Amino acid sequence: MRTFAKYGGLMAAGVLTTGLLTSVTATAGQGRIMAPCTISVGSVTAGGDHRMQTFSATAPVTKIADKIVGKDIFADGQTRLSAAVRYGPGEGSELHTGQTVVGSVLYDVSYRTPVGGGTVSQKVLARVGPGWQNYRSLDRSSYGSRTTEWSLRNDGTMERRTVKTDANGHLYRHHDGWQSNFRGVKGLALISQTATYDTFLMTHSTGRLYTARFPVAGGHIMQSTVKPIRMSTWQVFETLVAAPCGQGSTVLAIDKDTGAGYLYSVGHANGLATVIKGLGKVPGSFTDPAYFSWHKYTDPKLFGE
């Protein structure tokens, strides 16, 4: 047991269920209308900036926005991994918070900008600890009172850390779960959150697409539930980014070899019966060093499985 303290199918048949590509909004005097789901894709640029690209889940895919939210958040060319970044208004500005691996060190990151981005103020990079050169994925999930960090080691071990607060109000990580046998995983994205488990969508070197459900508490040796979603062709995607879309997910899949991104609408995960609709190639290229999902503090929880 280790504790880390913070220092200081059906695509081919064209099957599509109602609501897979849309979310419901309400307007005064008009009732409920259907709007396309969107996904906000974050990245850390080679220059250390925080970038946000937003796309609409339409066919063809529509780019809604592409902007630098905060400049020079990190040193040039040093960022390796990033968990999701959450943001929202407060004290007349927007607060952005997340976790990032710079070189071999994990940091808790926070800063403020004017609403919509701009000059960065109150930037804090709080060092958590070294040793992260041995990892290839990082994300964080919060549901109710629990916060869980997930990381995948280069040797294929999935690790769970429960984030807690001590009597003095300081955050710390409790390394309380792990499971091996994920060596062939190439890309993964969190797609579902509950009080008792988190579910990831995973691409595999064999070409398969899986869901893997992990318990957020329990024994140190985790027992996940893994289900195949598709059996071939997904090995080209090393990076996945997901956003909620009703009871499913909008997923960006990135081929790092070509810098191309493709958008998919994924229905509520149900093994090989999961509905997936390919929306096409996403405008632009995806060559930044690290990608992650942007979420507002008020966004709905992920419910993709």
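Counting from 1, the numbers follow the sequence of the chain as shown. Because the structure is predicted, anything quoted here is derived from the model rather than measured.
- The one candidate from L138, L81, T100 that meets the side chain to side chain contact (heavy atoms under 4.5 Å, CB included) condition with L106 is L138.
- Shown here for S56 and T38, the closest heavy-atom pair between the two residues is CA-CG2, 4.2 Å.
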Candidate pair I276 and L209, rule side chain to side chain contact (heavy atoms under 4.5 Å, CB included), full reasoning
CA-CA 11 Å; I276 301 178; L209 181 68; 3.9 Å; yes
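- What you find for A290 and T79 is that their closest heavy atoms are CB-CG2, 4.1 Å.
- Of all non-hydrogen atoms in E305 and A269, the two that sit nearest each other are CG-CB, 3.7 Å.
- For R112, the salt bridge (Lys or Arg N to Asp or Glu O under 4.0 Å) partners at least two apart in sequence or on another chain are E91.
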For a quick test of your reading: what N or O donor-acceptor pairs under 3.5 Å do the side chains of residues 62-70 make, sequence neighbours left out?
residue	atom	partner	partner atom	Å
T62	OG1	T58	OG1	3.0
K63	NZ	Q53	OE1	3.3
K63	NZ	D66	OD2	3.4
D66	OD1	R51	NE	3.0
D66	OD1	R51	NH2	3.4
D66	OD2	R51	NH2	2.8
K67	NZ	G116	O	3.2

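- In this structure, H204 has its ring center at least 6.0 angstrom away from the ring center of W234.
- Ring orientation note: the planes of Y264 and F237 are nearly perpendicular, at an angle over 60° on the 30°/60° scale.
- Proximity of T196 to Y143: side-chain heavy atoms (C-beta onward) are nowhere separated by under 4.5 Å.
- No more than 12 heavy atoms of other residues, nucleotides or ligands shown are found within 6.0 angstrom of NZ on K281.
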Please tabulate, one pair per line, all N/O donor-acceptor pairs under 3.5 Å involving side-chain atoms of residues 252-263, not counting sequence neighbours.
residue	atom	partner	partner atom	Å
D255	OD1	D257	N	3.0
D255	OD2	T258	OG1	3.4
T258	OG1	A260	N	3.3

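- Residue pairs satisfying the salt bridge (charged side-chain N to carboxylate O under 4.0 Å, His left out) criterion with at least one member in residues 73-89, sequence neighbours excluded, are absent.
- Residues F303 and Y197 do not share a hydrophobic cluster, defined by chaining ILVMFWY side chains whose heavy atoms lie under 4.5 Å apart.
- A donor-acceptor contact under 3.5 angstrom links the side chains of T54 and S40, judged on distance only.
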Give the intermediate values and the outcome of side chain to side chain contact (heavy atoms under 4.5 Å, CB included) for residues K277 and V275.
CA-CA 7 Å; K277 181 176 178 61; V275 177; 5.7 Å; no
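- Side-chain atoms of V44 and P289, non-hydrogen and from C-beta on, never get closer than 4.5 Å to each other.
- One hydrophobic cluster, built from ILVMFWY side chains closer than 4.5 Å, holds both V266 and V236.
- Here the closest heavy-atom approach between residue T250 and residue C37 is recorded as OG1-CB, 3.8 Å.
- Among pairs with a residue in residues 98-119, those fulfilling ring pair (Phe, Tyr, Trp, His ring centres under 6.0 Å) read H50-Y111, H96-Y111, at least two apart in sequence or across chains.
- With 3.5 Å as the limit, one finds no donor-acceptor pair spanning the side chains of S110 and T97.
- Other residues sharing the hydrophobic cluster of M222, ordered by chain and number and joined by side-chain separations under 4.5 Å: W150, L152, M158, F182, V185, L188, L190, F200, M202, Y210, F214, V216, V226, L302.
- Heavy-atom minimum distance, K123 versus I73: NZ-O, 3.3 Å.
- Taking CH2 of W294 as the reference point, atom OG of S82 lies at 8.5 Å (rounded to 0.5 Å).
- Between the side chain of D155 and the backbone N or O of T157, at least one donor-acceptor pair lies under 3.5 Å.
- The only option from R213, R146, R160 that meets the salt bridge (Lys or Arg N to Asp or Glu O under 4.0 Å) definition with D198 turns out to be R146.
- Residues D72 and V120 have side chains not in contact (no heavy-atom distance under 4.5 Å, counting atoms from C-beta outward).
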Carefully, step by step, assess T147 and R140 under the rule side chain to side chain contact (heavy atoms under 4.5 Å, CB included).
CA-CA 7 Å; T147 297; R140 175 182 278 207; 3.7 Å; yes
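- Closest of all the heavy-atom pairs between A242 and H295 is O-CE1, 4.1 Å.
- R161 and S151 share a donor-acceptor pair across their side chains, judged by distance under 3.5 Å alone.
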